[in-house]
Chemist: 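This is the structure, below, for whatever I ask next.
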Amino acid sequence: MTWFHILKKKNNGWEGKLNDEKVKSLERKPKLRVKIPKLSYPDSSTEIDKVIQVMKEKKLSPSRIKECDLNLRDMLMKIVGENKKDYKEFIEDIDSYTMQEKMKYRRARPFQFSDKVDKYKTTTVATPSFPSGHSMEAYALATVLAHKHPKKKKELMDTADDISHSRIQMGVHYPSDAKAGKQIGELLGRAYIREVLS
């Protein structure tokens, strides 16, 4: 065990600085009012091996990983032929809830916790790990779009599953981050259906 590993293991909490865009999301009051339940996650040391296993399995291709990382909104909108601009306020609300939850728990990401996990080259990891924001947004949007386009539900949910899984395969999230992101995302999606679409 290296000193680097010991220092990482000792620091279980996220330490970093949010950029201006993330601070704005954190400070914004969502228009969609949703009570998010209190969540929890296991000790990171118990999940590191699961992350490494998913990274080795390489279920998703490198091109699919990149698409999930950078274009999740477009991926989902393309399935149903809709425009993400029509969901601007909802997406901003999702971002606000994402940052509120992340800063509440401040969990270090897998590559910050253990030197067994290499940092994936991406610009989408400058926030705490729990819950997964990609998972939250993917399932929130997929839930809403599936309500409007029921024949596309399976394709939307399969795509949300890929987006969520990609974050674990990249080594930037734990399975429990993805699970919590799905739970909150579906909750937000159902609230949007109830309050805006009904």
Chemist: Let me confirm one number: the OG-CD distance from Ser44 to Gln112, rounded to the nearest 0.5 Å.
Modeler: 10.0 Å
Chemist: Quick check against the 3.5 Å criterion: does Glu195 have a side-chain atom that pairs as donor or acceptor with the backbone of Leu32?
Modeler: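 Not at all, since once roles are kept as given, no pair shorter than 3.5 Å links the two residues.
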Chemist: Taking the basic N atoms (NZ, or NE/NH1/NH2) and the acidic carboxylate oxygens, is any pair closer than 4.0 Å for Asp158 and Lys154?
Modeler: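 So Asp158 pairs with Lys154 through a salt bridge.
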Chemist: Applying side-chain contact (heavy atoms from CB on, under 4.5 Å), run through Leu26 and Met103 and close with a yes or a no.
Modeler: CA-CA 8 Å; Leu26 179 63; Met103 295 311 288; 4.0 Å; yes
Chemist: Under a 4.0 Å threshold between the charged nitrogen and the carboxylate oxygen, would Arg64 count as salt-bridged to Glu67?
Modeler: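 Looking at Arg64 together with Glu67, the answer is yes, because their closest N to O distance falls below 4.0 Å.
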Chemist: Quick one, Lys84 with Leu76, criterion side-chain contact (heavy atoms from CB on, under 4.5 Å). Give me CA distance, side-chain angles, the key distance, then yes/no.
Modeler: CA-CA 9 Å; Lys84 63 187 174 189; Leu76 293 163; over 6 Å; no
Chemist: Parallel, tilted or perpendicular, judged at 30° and 60°: which one describes the rings of Tyr174 and Phe113?
Modeler: perpendicular
Chemist: Please check this pair: side chain of Ser96 against backbone of Glu92, looking for a donor-acceptor N/O pair closer than 3.5 Å.
Modeler: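 Yes, because the side chain of Ser96 sits within donor-acceptor range (under 3.5 Å) of the backbone of Glu92.
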Chemist: Any chance you could measure Ser135, atom OG, to Gln183, atom CD, to the nearest 0.5 Å?
Modeler: 12.0 Å
Chemist: State, to 0.1 Å, how close Ala146 and Met157 come at their nearest heavy-atom pair, and which atoms those are.
Modeler: CB-CE, 4.4 Å
Chemist: Side chains of Val34 and Tyr192, heavy atoms from C-beta outward: is any pair under 4.5 Å?
Modeler: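 Not in contact.
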Chemist: Closest approach of Ala140 and Ile94, non-hydrogen atoms and distance?
Modeler: CB-CD1, 3.6 Å
Chemist: Closest heavy-atom contact between Ala180 and Leu39?
Modeler: CB-CD1, 4.0 Å
Chemist: Got a second to check how far Arg190's CZ is from Tyr139's OH, nearest 0.5 Å?
Modeler: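 Taking CZ in Arg190 and OH in Tyr139, the distance rounds to 13.0 Å.
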Chemist: Would a 4.5 Å heavy-atom cut-off, applied to side chains only, mark Met77 and Asn83 as touching?
Modeler: no
Chemist: Does any non-hydrogen side-chain atom of Lys148 lie less than 4.5 Å from one of Val80?
Modeler: no
Chemist: When you measure from the side chain of Arg106 to the backbone of Gly13, do you find a donor-acceptor pair of N or O atoms at a distance under 3.5 Å?
Modeler: no
Chemist: Given 3.5 Å as the limit, does a donor-acceptor pair link the side chain of Thr159 with the main chain of Glu155, or not?
Modeler: yes
Chemist: Considering non-hydrogen atoms only, spot the tightest contact between Ser129 and Lys102 and give its length.
Modeler: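 It is O-NZ, 3.7 Å.
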Chemist: Tyr105 vs Phe130 aromatic rings, parallel, tilted or perpendicular, using cut-offs 30° and 60°?
Modeler: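 Geometry flag for Phe130 against Tyr105: perpendicular rings.
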Chemist: Go through the steps to decide whether Ser176 and Glu47 satisfy the test side chain to side chain donor-acceptor pair (under 3.5 Å), and finish with yes or no.
Modeler: CA-CA 8 Å; Ser176 58; Glu47 283 196 286; 2.6 Å; yes
Chemist: What I'd like to find out is whether the side chain of Lys116 reaches to under 4.5 Å of the side chain of Val51, using heavy atoms alone.
Modeler: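 With C-beta onward as the side chain, the pair stays apart.
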Chemist: Between Arg167 and Asp69 (salt bridge meaning N to carboxylate O under 4.0 Å), is one present in this structure?
Modeler: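 Salt bridge present between Arg167 and Asp69.
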Chemist: Between atom NE2 of His134 and atom CZ of Arg73, what is the distance when rounded to the nearest 0.5 Å?
Modeler: 9.0 Å
Chemist: Quick check on Lys24: does its NZ atom have over 12 non-hydrogen neighbours (other residues, nucleotides or ligands) under 6.0 Å away?
Modeler: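 No, because the 6.0 Å sphere around NZ of Lys24 holds 12 heavy atoms or fewer from other groups.
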Chemist: Report yes or no: do Leu70 and Ile91 belong to one cluster of Ile/Leu/Val/Met/Phe/Trp/Tyr joined by side chain heavy-atom distances under 4.5 Å?
Modeler: no
Chemist: Taking the side chain as everything from C-beta on, heavy atoms only, tell me whether Glu82 gets closer than 4.5 Å to His149.
Modeler: yes
Chemist: Can you tell me how far OH of Tyr97 sits from CG of Leu188, rounded to the nearest 0.5 angstrom?
Modeler: 7.0 Å
Chemist: Within the 3.5 Å criterion, strictly below it, is a donor on Thr98 or Glu137 matched to an acceptor on the partner's side chain?
Modeler: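 There is no such pair (donor and acceptor under 3.5 Å, judged by atom type) between the side chains of Thr98 and Glu137.
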Chemist: Between Asp93 and Lys31, is there a salt bridge with N-O shorter than 4.0 Å?
Modeler: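 Judged by the 4.0 Å cut-off on N to carboxylate O distance, Lys31 and Asp93 do not form a salt bridge.
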Chemist: Restricting to non-hydrogen atoms, name the atom on Ser166 and the atom on Cys68 that form the minimum distance, rounded to 0.1 Å.
Modeler: OG-CB, 3.4 Å
Chemist: Is any side-chain heavy atom of Leu156 closer than 4.5 Å to one of Lys152?
Modeler: yes
Chemist: Can you check whether Ser164 reaches Lys182 side chain to side chain, under 4.5 Å on heavy atoms?
Modeler: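 No, every pair of side-chain atoms sits at 4.5 Å or beyond.
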Chemist: Of the non-hydrogen atoms in Val144 and Gly189, which two are nearest, and what is the gap between them?
Modeler: CG2-O, 3.6 Å
Chemist: Do His165 and Gln169 come close enough that some side-chain heavy atom pair is under 4.5 Å?
Modeler: yes
Chemist: Which value, rounded to the nearest 0.5 Å, describes the distance between Lys22 atom NZ and Thr127 atom OG1?
Modeler: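 Output value for this atom pair is 6.0 Å.
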Chemist: Less than 4.0 Å between a side-chain N and a carboxylate O, is that true for Arg107 and Asp177?
Modeler: yes
